[in-house]
Amino acid sequence: MKGGLLKRTSDKLELMTLDLSLAGEKDLLEISERMGLALSLDEMKFIKERASRPLTDVEIQTFGQTWSEHCIHKTFKGDILTEKGTVRSLFKSYIAKATKELNKPWCVSVFEDNAGLVEFDKGYLAAAKVETHNHPSAVEPFGGAATGVGGVIRDILGVWGEPVAVTDVLCFGPLSTKQEELPAGVKHPKYIYKGVIAGVGAYGNNMGIPTVSGGIFFDSGYTGNVVVYCGCMGVLPGRLYVRNTKTSDYAVLAGGKTGRDGIHGVTFASADLSEKSEELRSAVQIPNPVVEERLKRATIRIRDGALASGVTDLGGGGLSCATGEMAHRSDLGLEVELKGLHLKEAKMAPWEIWVSESQERMLYSVPEVNLKRVLEIFKEEEIEVCILGKFNKSGRLNVTFRGEIVCDLELKFLYSPPKVKRRASAFRIPLKECKLKEPNDLGEELLSLLSDPNLRSREDVIRTYDHEVRGCTAGKPLQGELGGPNDAAVIKPLKDSWMGLVISCGINPFYEDPYWMAASSIEEAVRNNIAVGGRRVAVLDNFVWGNPEREDRMGALLRACEACYDFSLALDVPFISGKDSLYNESPLGPVRPTLLITGIGIMPDVRKAVTVDLKKNGDLVYLIGFTKEEMGGSAYLRSKGATGGSCPKVDASMSRKITEVLVEAIDSGIIKACHDLSDGGLGLTAAEMAIASGGLGLTLDMRQVLSQVRRGDLLLFSESTSRFLVEVEEEKSEYFERALKGIALSRVGEVTDMPGLKLIDPAGTESVLSASEMRKAWRGY
Amino acid sequence: MELKKSKACVLRVGGTNCDLEVKVALEELGLKTDILHMNQLADGTLSNYQMLVFPGGFSYGDYVRAGAIWGKEIFTKLRKELGKFTDDGKLVIGICNGFQVLVEAGLLPGNSVAGVPTASLANNSSAKYECRWIYLRVESRQTPFARTIKVWDTLWMPIGHGEGRFILPSEEALNELVKENQVIFRYAMPDGRPADGRYPHNPNGAAYDIAGICNKKGNVMGMMPHPERAFFGWQTPSQRGKRKARGDGRCVFEGAVEYIKKY
């Protein structure tokens, strides 16, 4: 670096000053790299051009943090150059656009605050947020996953919500991966798997928030890049939702001590993983759920007393982002003195304090009249607290350390980064026929699918998560007398209301076309929600993608976003919150592009929630929906190592028709059991219903299935969307069939008192699978 | 004592997280309940209450050993007052982490806040945290908490813990406990026979399938399962599409309320 560029300007503080006007292009890049900023040359130049004086390291770090992909989502807000022209902001052109056009009166706050807010019941709002914590989990699985959960719980606290449920969807490399095959710097999937699961459980269990919903997937596309989605849902009285920081309010920081853990977490998450990532272990934060439990108590007490004017959590970027955001969103400025902060280590440099992502910290704006009471509450809850400073009208972020100015930035400048430009190539997948020999024994195929790592029971994991704490879990993650799966979890969060919060997921990373992958994921989230009795579904999007600076990754992302717009509108489900994690690249290549859709529905009476287990001998079993030959990316094909075929598509108008009728049927009480069809198709769904049921089984006559598909295995395992398998009482069957007029409906069998599944294939050949052999295949015992 | 004039106190510290559902359960039965942080207790506060609950959670993170830190805190700060409380025949119940705390404080299976544990709730023999619904067999009605149920009744409730394996230092200690009718609940098979150590019916490997015990006098009880999570019918898992009209855990609190009424 050029001499004179970097100077130490204070004899008391570890503070450096950089004169960017002296820096050439090479120097700018070197500064970005050495200071761990992860800023591009354009961005560095942008700062250089607009800075009228040398900048301190605290200031430059503030830019690095605030402008990171993680914090500002520049790819989603930037310009995308395509063959057909420029897309200005994926976010505004697709995701938020659909929500705006749907314009639902029950959406109270979307994309604005720490979490999305929708109306719930009796003046209460429901809050929902889903985050990813992939990079930290790849380096330090336990801490990475635990702080992922901790972070998303704080997002709910950050909208004054009382957390009521946690969700987790996890994607790993195959556990059978050979150690020799892993390049340096990539940790073995088994190590990551164990750590992540322990981390998720430890945080939720310790905080006393039930972990009720999720999923686990294995694929070589995740070996180098583990995917950890953590979600949290909460409730709050609408009248206590306050976001109105005023000038002269105090900025109060509370919670854990600030340390050197979690420095540069966001910039670390905005770059590819490599062998060197291990050196960045310090970027992973250290979890302490009990501090967060106390912080939760204090936050709810402050909320109930209407003592604060605003709140936000400290996540990515630590203080540097939280303070700026809170001041900026209220068009204010803020003066901060760092001296009073509780530190884990005495000798931290001001910039380290400023960007540390140490966990379990929240920032509140508190009017002077309430300050004393707020401090008392923190004391009673044994929470360390520090008054950082006061909000003012300056529009500037002014930070001092022991009286010396270390940062003085105009917030308008800080929050108007240059727009990034990304190129997207058109996404094409070659059409390939799927060639697969027809198997002899469908029963055997079904048994082998039941034990597939991606389809088998998650009981061994689910039981390590407390899903009953708070005593509000009305729809359990394991259902029926023998622990079958569920479609969605149902929480009864309010004491004096039967209203349920219905939480579901949709995720289909194996469908090759990103458009239909996204479409089917949205439909699946809705389908799962409806299957238990949910309705008025809102959705959350969480993209996990590779490096957006590569045209092909960007092309695929664009295509997925197009589907988000199309199907959010067509299925009438607004997006209320979302988050993207890009730069998921490792020496093994990019992550398998993955979109998680979380569905948040409501149901008027939790006692009416429908489960998957069979209820009565002699009841009829119907398949709702039409079965097509849609095998592309299906679990069946993958289990055979085969590729090709076309992946499931979504007929939105049919889907809406089906869900509307099904909700009515559930409300009228004629649906005794219901399970949606997804991975593994009709075969898996029927088997799972039998597995969940004690003392009952079902027959499945494939000759009755409405379909053009004739081949048994394709009929049994096709993953066509918008389908449900339901149990209906015989006396109600006429009424039911009338209600579903105009919808593909097949009466495929009946409930019997023989535990297990009797399959009749298209040729009329019967095969019988006992419940115990299916159970053994599915859950291992 | 008239129920309207009585009150229960649910104590909490940092990491406690099952206090609210216990309050909901007790208030449903007409017993007014305050949730108090240990920091909110002043001298004599306890004397305002007829019942004291140590709820579940991870008090102080359960670092060191489950319940150990809070147990010691009770010994140092609350020994006298709690001693008087139990000597007066008032009720104390510890649920899950609360049971661990009472054992660590020496209150169970002993008879005073001795500060030295005489039993232990060790790591589950499965070596992991377990959350599941289990069956309990009522073994004795020595405690008011079991007064509204019958010996050999079967109850259905969830557990959620990583350290619940109840063990005693000797065979004699176990025999003594059994002889004194202090074993209240044992893990059982769905048909009500004792689980006899069989996993997952006995989910943690507890000696003699012990899930809950009381002190000699019966007014202090600790149990690993969560009666407050099996209080309302809607909290129970549905079976063949039906849920219980009322949860089996309700009886534990009903027993306490009946006792308070007569106290």
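Naming convention: chains lettered A, B, ... in sequence-line order (proteins, then strands); numbering from 1 in each chain.
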Can you check whether anything in residues 24-44 of chain B gets within less than 4.5 Å of chain A, heavy-atom wise, and list it by number? V24(B), H37(B), N39(B), Q40(B)
Sort by residue number and list every residue of residues 68-79 of chain B having at least one heavy atom under 4.5 Å from chain A. none
Can you say whether E459(A) sits under 4.5 Å from chain B via the side chain, the backbone, both, or neither, judging by heavy atoms? side chain
What are the two closest heavy atoms between [X] and [Y], and how far apart are they?
X: V469(A); Y: C18(B); result: CG2-SG, 4.0 Å
X: V290(A); Y: G61(B); result: CG2-CA, 3.0 Å
X: R229(B); Y: E468(A); result: CD-O, 3.3 Å
X: R240(B); Y: L614(A); result: CD-O, 4.4 Å
X: D19(B); Y: R297(A); result: OD2-NH1, 2.6 Å
X: W234(B); Y: G471(A); result: CH2-O, 3.3 Å

Does any backbone or side-chain atom of [X] lie under 4.5 Å from a heavy atom of chain A? Answer side chain, backbone, both or neither.
X: N97(B); value: neither
X: S126(B); value: neither
X: F232(B); value: neither
X: P158(B); value: side chain

Please determine whether the number of non-hydrogen atoms from other residues, nucleotides or ligands lying under 6.0 Å from atom CD of E730(A) exceeds 12. no
I'd like to know whether NZ of K7(B) has more than 12 heavy-atom contacts from other residues, nucleotides or ligands below 6.0 angstrom. yes
May I ask you to decide whether R470(A) forms a salt bridge with E228(B), counting only side-chain N to carboxylate O separations under 4.0 Å? no
Lys/Arg-Asp/Glu bridge criterion (N-O < 4.0 Å) met for D466(A), R132(B): no
Do any N or O atoms from the side chain of K492(A) and from the backbone of Q235(B) form a donor-acceptor pair under 3.5 angstrom? no
Please answer whether the main-chain N or O of C131(B) pairs with a side-chain N or O of R463(A) as donor and acceptor at a distance below 3.5 Å. yes
Flag the one option from I209(A), N288(A), V610(A) with the top tally of heavy-atom pairs under 4.5 Å to chain B. N288(A)
Take W133(B) and K476(A) through the side-chain contact (heavy atoms from CB on, under 4.5 Å) test and state the conclusion after the steps. CA-CA 11 Å; W133(B) 285 71; K476(A) 322 272 182 197; 3.9 Å; yes
Rounded to the nearest 0.5 Å, what's the gap from OG on S238(B) to CD on Q479(A)? Could you check? 7.0 Å
